[in-house]
Amino acid sequence: PARGHAMPEDNRTALNEINRLLRDAKHQRELGNLDAARTMTLEAAKKLRASGFERDQVSVLRDMTLDPDPGFSKAGSQAMADYYYQKYIRSKPRDAQWLLEALAWVHYSGDDSQLKRFTARLPDKAHENIDARGKQRGDELKADDQLYLASEMIRLNQVEELRQLLKNWPYPIDRIHSVAGTSLLHSAVWHRKTGIARMLVEEYRASVNVVDLQNDTPLDYANYRQATDLVQYLKSKGGKANKRYTGQQGQDGAAVQGKA
């Protein structure tokens with residue numbers, strides 16, 4: 001609500017119910033009742049939309065898509081697809097961008113029946129090749145999310161969880177996140193996870209000279225972070241630096257001075 005204005009009582013009641021659903025979903029998740037947890041989370045997202053909290057609804061669904069549990073991720077991506085498809089149906093004139101997002105999320109989820117329903121109506125030239133474009137965007141979204149999950153496991157030093165994720169890894173090990181611009185090895189070096197960096201190089205054949213979107217190598221990251229052990233290791237494996245860095249690195253990782 002706007003500053004100085006109290007939240008309407010109906011909204012307050014709805015939010016209390018939504019928060020209760022989300023707490024119950026978390027509890028069911030802890031008990032191992034994943035089906036109940038998914039159902040409660042989706043119900044909370046619907047209530048957020050019905051109460052006018054659309055942005056919060058999208059946030060809840062997006063968190064579901066990022067869940068390591070495949071069932072949660074699929075349910076979230078299906079709901080995201082429906083969310084964008086409904087925006088497309090309600091737009092006047094029809095906005096092809098909403099349909100593109102819907103198709104991206106349905107390709108992400110792999111729901112063939114949903115895909116058939118969404119592609120049943122392609123009324124004008126704005127939709128030319130939109131299914132192919134939706135598939136491309138959906139594939140990129142899914143890859144980025146998998147890279148995000150792996151990077152979080154690296155940050156938290158969850159080695160066994162990372163191994164499990166990489167067991168059926170469908171992407172090149174040096175794939176770059178399209179937004180963050182980094183590979184898994186860059187992430188390991190940035191977070192000073194020497195053991196994981198060695199594992200990525202020696203077991204998964206990550207390139208020590210993979211570059212991010214700024215043309216920085218893992219060795220550049222190690223120099224910037226003043227991670228001496230990683231600098232030595234990467235050099236021993238043929239790692240090269242593309243840039244020189246000056247300045248000191250604080251404990252929180254913030255640069256006191258910048259790149260040279």
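Under a hydrophobic clustering in which Ile, Leu, Val, Met, Phe, Trp and Tyr are joined whenever their side-chain heavy atoms come within less than 4.5 Å, directly or via other members, Phe72 and Leu21 fall into different clusters. Met40 and Met64 fall into different hydrophobic clusters, defined by Ile, Leu, Val, Met, Phe, Trp and Tyr side-chain heavy atoms under 4.5 Å apart, directly or through other members. Under the 4.5 Å side-chain heavy-atom criterion for grouping Ile, Leu, Val, Met, Phe, Trp and Tyr, Val211 is not connected to Leu230 through any hydrophobic cluster. Under a hydrophobic-cluster definition in which Ile, Leu, Val, Met, Phe, Trp and Tyr are linked whenever side-chain heavy atoms come within less than 4.5 Å, directly or via other members, Leu149 and Val179 are assigned to different clusters. Both Leu34 and Leu61 are assigned to one and the same hydrophobic cluster, defined by single-linkage of ILVMFWY side chains at heavy-atom distances under 4.5 Å.
Closest non-hydrogen pair, Leu185 versus Pro218, comes out as CD2-CG, 3.6 Å. Across all non-hydrogen atoms, the minimal contact from Asn223 to Ala241 is ND2-CB, 4.0 Å. Across every non-hydrogen atom of Asn215 and Asn242, the tightest pair is O-ND2, 3.0 Å. Of all heavy-atom pairs spanning Thr41 and Ala25, the tightest one is OG1-CB, 3.5 Å. The two residues Ile173 and Leu200 have their closest heavy-atom pair at CD1-CD2, 4.4 Å. For Ala150 against Leu184, the heavy-atom pair with the smallest separation is CB-CD2, 3.5 Å.
Here NZ of Lys142 is found 12.0 Å from NE2 of His107. Values are rounded to the nearest 0.5 Å. The line from CE of Met80 to CG of Leu141 is 8.0 Å long, rounded to the nearest 0.5 Å. Note that CD of Gln146 and CZ of Arg175 are 10.5 Å apart. Values are rounded to the nearest 0.5 Å. The distance from the CG atom of Leu165 to the CD atom of Glu160 is 12.5 Å, given to the nearest 0.5 Å. In this structure, CG in Asp63 is found 11.5 Å from OG in Ser73, a value given to the nearest 0.5 Å. To the nearest 0.5 Å, the span separating CG on Leu48 from CG on Leu15 amounts to 7.0 Å.
When only modelled atom types and interatomic distance are considered, Arg94 and Ser91 share no side-chain donor-acceptor pair under 3.5 Å. No side-chain donor-acceptor contact under 3.5 Å links Ser59 and Asp56.
Panel note: side chain Thr65, backbone Arg62; a donor-acceptor pair is recorded below 3.5 Å. Using modelled atom types, one side-chain atom of Arg192 and one backbone atom of Arg225 make a donor-acceptor pair closer than 3.5 Å. Without hydrogens or angle criteria, Ser183 side chain to Asp174 main chain gives no donor-acceptor distance under 3.5 Å. Panel note: side chain Ser51, backbone Phe53; no donor-acceptor pair is recorded below 3.5 Å. Using a distance-only test at 3.5 Å, with no hydrogens or angles considered, no donor-acceptor pair links the side chain of Asp216 to the main chain of Asp220. The main-chain N or O of Lys193 is never found under 3.5 Å from a side-chain atom of His191 such that the two would form a donor-acceptor pair. Between the side chain of Asp95 and the backbone N or O of Tyr88 there is no donor-acceptor pair closer than 3.5 Å.
For Tyr204, the OH atom counts as densely surrounded, since its 6.0 Å shell holds more than 12 non-hydrogen atoms of other residues, nucleotides or ligands. Around CZ of Arg90, the count of heavy atoms belonging to other residues, nucleotides or ligands within 6.0 Å exceeds 12. Shown here is Gln136, whose CD atom has no more than 12 heavy atoms of other residues, nucleotides or ligands within 6.0 Å. By the neighbour-count criterion of 12 heavy atoms within 6.0 Å, atom NZ of Lys74 is densely surrounded, having more than that number from other residues, nucleotides or ligands.
Between Arg20 and Asp24 there is a salt bridge, since a side-chain N of the basic residue sits under 4.0 Å from a carboxylate O of the acidic one. The pair Lys135-Asp139 meets the salt-bridge criterion, since a charged nitrogen lies less than 4.0 angstrom from a carboxylate oxygen. A salt bridge links Asp69 to Arg38: one of the charged nitrogens lies within less than 4.0 Å of a carboxylate oxygen. With salt bridges taken as basic N to acidic carboxylate O contacts below 4.0 Å, one links Asp67 and Arg29. Remark: Glu101 does not engage Lys87 in a salt bridge, criterion side-chain N to carboxylate O under 4.0 Å. The pair Asp229-Arg198 does not count as a salt bridge, with every side-chain nitrogen at least 4.0 angstrom from each carboxylate oxygen.
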Working for side-chain contact (heavy atoms from CB on, under 4.5 Å), residues Leu115 and Asp131: CA-CA 9 Å; Leu115 178 61; Asp131 186 39; 3.7 Å; yes
Residue pair Glu43, Thr39: steps toward the side-chain contact (heavy atoms from CB on, under 4.5 Å) verdict: CA-CA 6 Å; Glu43 183 63 24; Thr39 299; 5.5 Å; no
Candidate pair Asp111 and Ser113, rule side-chain hydrogen bond (donor to acceptor under 3.5 Å, both in side chains), full reasoning: CA-CA 6 Å; Asp111 187 330; Ser113 62; 2.7 Å; yes
Worked check of side-chain contact (heavy atoms from CB on, under 4.5 Å) between Lys243 and Gln214: CA-CA 10 Å; Lys243 300 176 184 175; Gln214 302 299 319; 4.1 Å; yes
CA sep, side-chain torsions, deciding dist, call: Asp145, Tyr108, side-chain hydrogen bond (donor to acceptor under 3.5 Å, both in side chains): CA-CA 10 Å; Asp145 281 358; Tyr108 185 117; 2.7 Å; yes
Worked verdict on Gln78 versus Val106 for side-chain contact (heavy atoms from CB on, under 4.5 Å): CA-CA 6 Å; Gln78 288 171 321; Val106 80; over 6 Å; no
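Contact annotation: the side chain of Leu99 approaches that of Tyr85 to within less than 4.5 Å [non-hydrogen atoms, C-beta and beyond]. Between Leu219 and Val208 the shortest side-chain heavy-atom distance does not fall below 4.5 Å. Here the side chains of Arg133 and Arg137 are not in contact, with every heavy-atom distance at 4.5 Å or above. The shortest distance between side-chain heavy atoms of Leu234 and Thr217 does not fall below 4.5 Å.
Applying the ring-ring contact (aromatic ring centres under 6.0 Å, His included) criterion to His186, with sequence neighbours excluded, gives Tyr221.
Geometrically, Arg49 does not engage Tyr83 in a cation-pi contact defined by less than 6.0 Å to the ring centre and at most 45° from the axis.
Taking the six-membered ring where tryptophan is involved, the planes of Trp169 and Tyr171 are perpendicular, since the angle between them exceeds 60° and thus also 30°.
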